[in-house]
Structure formats: C-alpha cells, structure tokens
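Right, one structure below, let's go through it.
Starting from 1, each residue takes its place in the sequence as its number. We use all heavy atoms of the structure for the numbers below, so side chains are in, but hydrogens, waters and symmetry mates are not. Nothing here was measured: the structure is a model prediction, and the numbers come from that model.
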Amino acid sequence: RAGLPSPRSTLILNQQTEVTSSMEWLFNFPFVMKPDLNAIDSAVRGFALWASPVLDGISGGLTALVNGIGWLLAHIPWFLLIGAVFFLGWKSRKSIRSGILYAALLALIGVVGYWNAMITTLAIVMAGVMISLLIGLPVGILLSTSRRLNNFARPVLDTMQTMPVFVYLIPALLFFG
C-alpha cells in the first residue's frame with residue numbers, strides 16, 4: 001500500500017477541509033463589486049476624444065519644447081559638453097576628481113553609442129524642469145500666501161506624494177498617447 005494515504009491522514013485532511021470551508025468568511029471578503037470595465041474604457045476614450053483639441057495642443061507644445069531643447073543640445077559639440085560637465089562638476093563639488101569622474105562617465109555614454117539617446121533624455125528632463133519651475137513657483141507662492149488654498153491643496157499634495165511616479169504615467173499615456 002505504498003503511496004496510498006492512511007485512514008488517519010484522510011480523516012485529518014477532511015477535518016482541515018471542513019474547518020477551512022466553515023471559516024471561509026474570515027478569509028474571503030464578503031462583498032465584491034465588479035465595475036463595468038467597458039463603460040470606464042468608453043468614458044475615458046470619450047473624454048480623450050472630446051478634449052482632443054486641448055490635449056493635442058498641449059502635446060504639440062510639449063513636443064516642440066523637447067525638440068527645440070534637443071536641437072540646441074545636438075548642436076553643442078561633444079567635447080564642449082563634456083568640458084562643461086567637467087567644469088560644473090569640479091566647481092560644484094570643489095573637487096577636480098569629481099569633475100574628471102563626471103566627464104569620464106559622460107564620455108563613456110558616447111563610447112558605448114548612447115550619445116543621441118542621452119541628448120534626447122537630457123532634453124526631456126530639461127523641458128520637465130522648465131515646466132515644473134514655470135508652474136511650481138507661482139503655485140507655491142500662491143499657496144504660501146493663501147491659507148484657504150493651502151488647506152485645500154495640502155491633502156491633495158500629501159496624497160500625490162505617497163504615490164509612485166508611474167501612477168501619473170498611466171493618465172498621461174491615455175490622454176497624450
């Protein structure tokens with residue numbers, strides 16, 4: 001009878017199954033709401049279609065800004081950019097070793113063939129910093145001068161701060177696609 005369960009082990013298994021099924025309410029949430037995903041999808045697509053003139057304008061403006069910065073960066077000779085990184089690293093860290101390290105790492109990006117991708121990424125980051133400063137500074141000043149606006153915005157900002165960055169990417173992809 002090798003491989004067959006003994007009558008005692010079958011009894012224990014049956015008792016565990018009975019306990020599990022009788023205590024199922026402890027482990028399974030009793031109320032499950034199934035949202036209509038098709039309705040949500042059609043609502044989001046409908047909004048994107050309705051707001052497409054505004055969203056397309058924003059997308060076009062952002063694309064033009066990133067392309068403009070990218071064009072400007074692409075017309076800086078590679079050795080001047082590496083030299084500027086060396087100089088800024090040296091002066092900001094007050095260490096020539098830091099300047100050499102930053103310049104060498106930037107040169108390594110070019111050596112492995114990612115210079116153009118780095119220029120594109122740098123253009124996107126610079127555009128993001130510019131937009132953040134243009135929006136963030138006036139809004140921050142406004143929030144600091146108005147107690148009512150600050151009390152309204154504080155919970156929203158606290159909630160947004162706890163979310164991972166990729167959560168904001170999903171609506172951006174839906175609307176600006």
Side-chain angles (χ1 to χ4, degrees), residues 3-5 7-74 105-106 109 112-177:
L4 294 174
R8 177 161 169 68
S9 65
T10 304
L11 179 64
I12 292 172
L13 266 173
N14 286 340
Q15 286 176 348
Q16 287 175 346
T17 305
E18 286 177 21
V19 169
T20 303
S21 64
S22 68
M23 299 185 69
E24 188 173 321
W25 63 274
L26 285 174
F27 303 107
N28 294 329
F29 199 77
F31 308 108
V32 177
M33 185 177 86
K34 303 243 185 213
D36 185 3
L37 298 178
N38 291 328
I40 294 170
D41 185 51
S42 65
V44 170
R45 288 181 192 275
F47 173 76
L49 188 63
W50 175 77
S52 66
V54 173
L55 297 175
D56 290 344
I58 292 170
S59 180
L62 292 175
T63 301
L65 178 64
V66 169
N67 288 341
I69 294 170
W71 180 86
L72 186 67
L73 289 173
L105 291 174
L106 188 61
I109 291 172
V112 296
Y114 287 113
W115 190 263
N116 290 335
M118 184 270 309
I119 292 292
T120 302
T121 303
L122 186 59
I124 293 169
V125 169
M126 289 176 75
V129 168
M130 288 171 50
I131 292 167
S132 296
L133 288 174
L134 286 173
I135 295 172
L137 281 175
V139 168
I141 291 169
L142 184 65
L143 289 176
S144 70
T145 58
S146 172
R147 187 172 195 76
R148 179 177 282 165
L149 281 176
N150 189 16
N151 288 339
F152 171 76
R154 179 67 54 193
V156 174
L157 295 174
D158 288 344
T159 302
M160 290 175 71
Q161 189 174 10
T162 63
M163 293 182 191
V165 176
F166 65 85
V167 170
Y168 306 120
L169 188 62
I170 296 167
L173 288 175
L174 283 173
F175 295 135
F176 302 112

| said: As an exercise, state the distance from CG of Leu62 to CD1 of Ile131, rounded to the nearest 0.5 Å. | reply: 4.5 Å

| query | Roughly how far, to the nearest 0.5 Å, is the OG1 atom of Thr120 from the OH atom of Tyr114? | reply | 13.5 Å

| query | Do you know which two heavy atoms are closest between Tyr168 and Met163, and how far apart they sit? | reply | OH-CB, 4.0 Å

| Side-chain donor or acceptor of Ser52 paired with backbone N/O of Leu49 under 3.5 Å | yes

| request: Report the distance from atom CG of Asn150 to atom CG of Leu142, rounding to the nearest 0.5 Å. | output: 10.0 Å

| query | Any sub-3.5 Å donor-acceptor pair from Asn67's side-chain atoms to Thr63's backbone N or O? | reply | yes

| Between Ala123 and Val66, what is the shortest heavy-atom contact and its length? | CB-O, 3.7 Å

| message | Could you report the tightest heavy-atom contact between Ala127 and Leu65, atom names first, then the distance? | response | CB-CD2, 3.8 Å

| task | Would you sort out whether Leu55 and Trp50 count as a side-chain contact (heavy atoms from CB on, under 4.5 Å), showing the intermediate values? | result | CA-CA 9 Å; Leu55 297 175; Trp50 175 77; over 6 Å; no

| note | Pro138 and Leu133 have their tightest heavy-atom pair at CD-O, 3.8 Å

| request: Evaluate the criterion side-chain contact (heavy atoms from CB on, under 4.5 Å) for residue pair Ile109 and Leu106; output intermediate values, then yes/no. | output: CA-CA 5 Å; Ile109 291 172; Leu106 188 61; 4.2 Å; yes

| query | Any idea which heavy atoms bring Leu143 and Ala153 closest together, and the distance? | reply | CD2-CB, 3.7 Å

| field | Minimum heavy-atom distance Ser42-Ala39, with the two atoms named | value | OG-O, 3.0 Å

| Nearest-0.5 Å distance that lies between atom CD1 in Ile119 and atom CG in Leu72 | 10.0 Å

| Any side-chain heavy-atom pair from Asp158 and Arg154 closer than 4.5 angstrom? | yes

| query | Atom CE of Met130 and atom CD1 of Ile69: how far apart are they, to the nearest 0.5 Å? | reply | 4.5 Å

